[in-house]
Amino acid sequence: FALPLPSEDNNRLLAEKYLRRFYDLPAALQGKSSGTFETKIKAMQRFFNLKVSGNLDDNTLEVMKLARCGVPDIGE
Amino acid sequence: YNHFPRHLKWQNNNVTFRIVNYTPDLKKSDVNRAIRTALNVWSDVTPLTFKKLHEGNADIMISFGAKEHGDYNPFDGPNGLLAHAYPPGPGIGGDTHFDEDEHWSKDSSAYNLFIVAAHELGHALGMSHSTDPGALMYPVYSYATGFPLSEDDIEGIQALYGPNPNHRKVKPKPDAPNKCDPMLSFDAVTELRGETIIFKDRFYWRLHPQMPEPEQTLIKSTWPSIPNKVDAAYENSEKDVVIIFSGIRMWALNGYDLVDGYPKYIHKLGLPKKVRKIDAAVHIRDTGKTLLFTDEDYWSYDEATSTMDSGYPRTIEEDFPGMDDEVDAAAYHYGHLYFFHDHIQYEYSYTSRKVIRILRTNSILNC
């Protein structure tokens, strides 16, 4: 059985899925480069007036879990 | 506010819509009413008109679907994504989809269809997401009553289509309070596990020692079950619980979760029925007492025995000389009481029983 992912990885997966859908994070492979991931995290933190750290902190994760509209926050 | 790239909009102000299918959560008439009312919100402030079709292709095709529902843009089951819509244009342009895996309601008991529809139809008309937490076009769901468009939303849609030619007057939803407004007053202040929570209108600021900027959020985004208007709040850190007062009711929060059995009536604390509202509340850890302020009086509640102390109410003026005779909010840190009234903050030494500093209310928000 696939071992349950530690919450760290779960959070990272949740964040990547969120950023891909709402902040145009490139699909899987390229998105792994931390530079792109961090840039997109900052864009989301800026949009929600959070502390722009580029880190996946609790406040950022909390906002990612809120019920919301499925339309992207930036771009086409 | 934001528009979609190239400011996509309908070239013809007379837009058609069609409700293709219905959710089993609501009566058809409720869905029809929610959609029509949501469209009216936008036609109230623009020259747009909306004509309902019952067959064939309309500009805005409205439907309910779950997971993959035909546009390669799947929903995700309950919560998370609630709905989405496409910007104005041919074909799928303007189409609006609601996630059938959500529970739809016409009140605050679940996701309110009118509010979500008004937001999504904003997209179908050319509005993208707003960064203003008080705007309808803010991406995160929050329940509110009354006219849903804020000034920000109205400016955005009128930048695309102009105002309503009949100059219908609408009262925009109040914008998010500005933390550096010099006349800012607070509704309530409490500690919460090391953070300071400041309530104002439908919002709260969250102050964290390590966070330079206070974070403003809609109350309903974090605590959907407590009202949009908080009168007073306090933390009893020994019990790890925060009590929120609104009108004659009170809620208990354990962190961000509502404690079972709440809301309760404030009179359970031993307050007389004539008290209809608590203006401010603060727990004095050193004495185990909670002070409850109502108009010019205050009461002392003993947390250990869960009873009101005898000899109360007493007047604020009598026991807190130098202070105003009323209080909007109160907090307690390291032997000092902080009283907020209008745009003034009084720092009161509980031991030496006198006001030691007077500041602006919003100095606590780094203004």
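A quick note: this is a predicted structure, and the numbers were derived from the prediction, not measured. Labels below follow one simple rule: chain letters A, B, ... track the order of the sequence lines, proteins then strands, and each chain is numbered from 1.
- The line from CG of Leu50(A) to CZ of Arg206(B) is 9.5 Å long, rounded to the nearest 0.5 Å.
- Chosen from Tyr138(B), Phe75(B), Tyr86(B), the residue pairing most often with chain A at heavy-atom distances under 4.5 Å is Tyr138(B).
- The OG1 atom of Thr131(B) sits 10.0 Å away from atom CG of Asp73(A), with the distance rounded to the nearest 0.5 Å.
- Remark: Arg68(A) CZ to Leu82(B) CG distance equals 9.5 Å, nearest 0.5 Å.
- Residue contact with chain A, scored on non-hydrogen atoms closer than 4.5 Å, involves the side chain of Tyr111(B) exclusively.
- Within the 4.5 Å cutoff, the side chain of Val140(B) has heavy atoms near those of the Phe48(A) side chain.
- Here Cys69(A) contributes atom SG and His123(B) contributes atom NE2; the two are 3.5 Å apart, rounded to the nearest 0.5 Å.
- Residue Arg21(A) touches chain B through its side chain alone, counting heavy-atom pairs closer than 4.5 Å.
- Minimum heavy-atom separation, Pro72(A) to Ser128(B): O-OG, 4.4 Å.
- From Asn79(B), atom CG reaches atom NZ of Lys65(A) across 13.0 Å, with rounding to the nearest 0.5 Å.
- Counting heavy atoms from C-beta outward, His129(B) and Phe22(A) have side chains that stay 4.5 Å or more apart.
- Within 6.0 Å of the CG atom in Asp58(A), the count of heavy atoms belonging to other residues, nucleotides or ligands does not exceed 12.
- Proximity to chain A (any heavy atom under 4.5 Å) is restricted, for Glu120(B), to the side chain, taken from C-beta onward.
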* **Verdict with supporting geometry, Asn59(A) and Glu215(B), side-chain contact (heavy atoms from CB on, under 4.5 Å)** => CA-CA 9 Å; Asn59(A) 291 337; Glu215(B) 182 197 312; 3.5 Å; yes

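- Interface remark: Ser142(B) contributes no atoms to any contact with chain A (heavy atom separation under 4.5 Å).
- Heavy atoms of other residues, nucleotides or ligands lying less than 6.0 angstrom from NZ of Lys179(B) number more than 12.
- Chain A forms more heavy-atom pairs under 4.5 Å with one residue of Ser130(B), Pro133(B), Pro87(B) than with any other, namely Ser130(B).
- With a 4.5 angstrom heavy-atom cutoff, Tyr18(A) does not touch chain B via any of its atoms.
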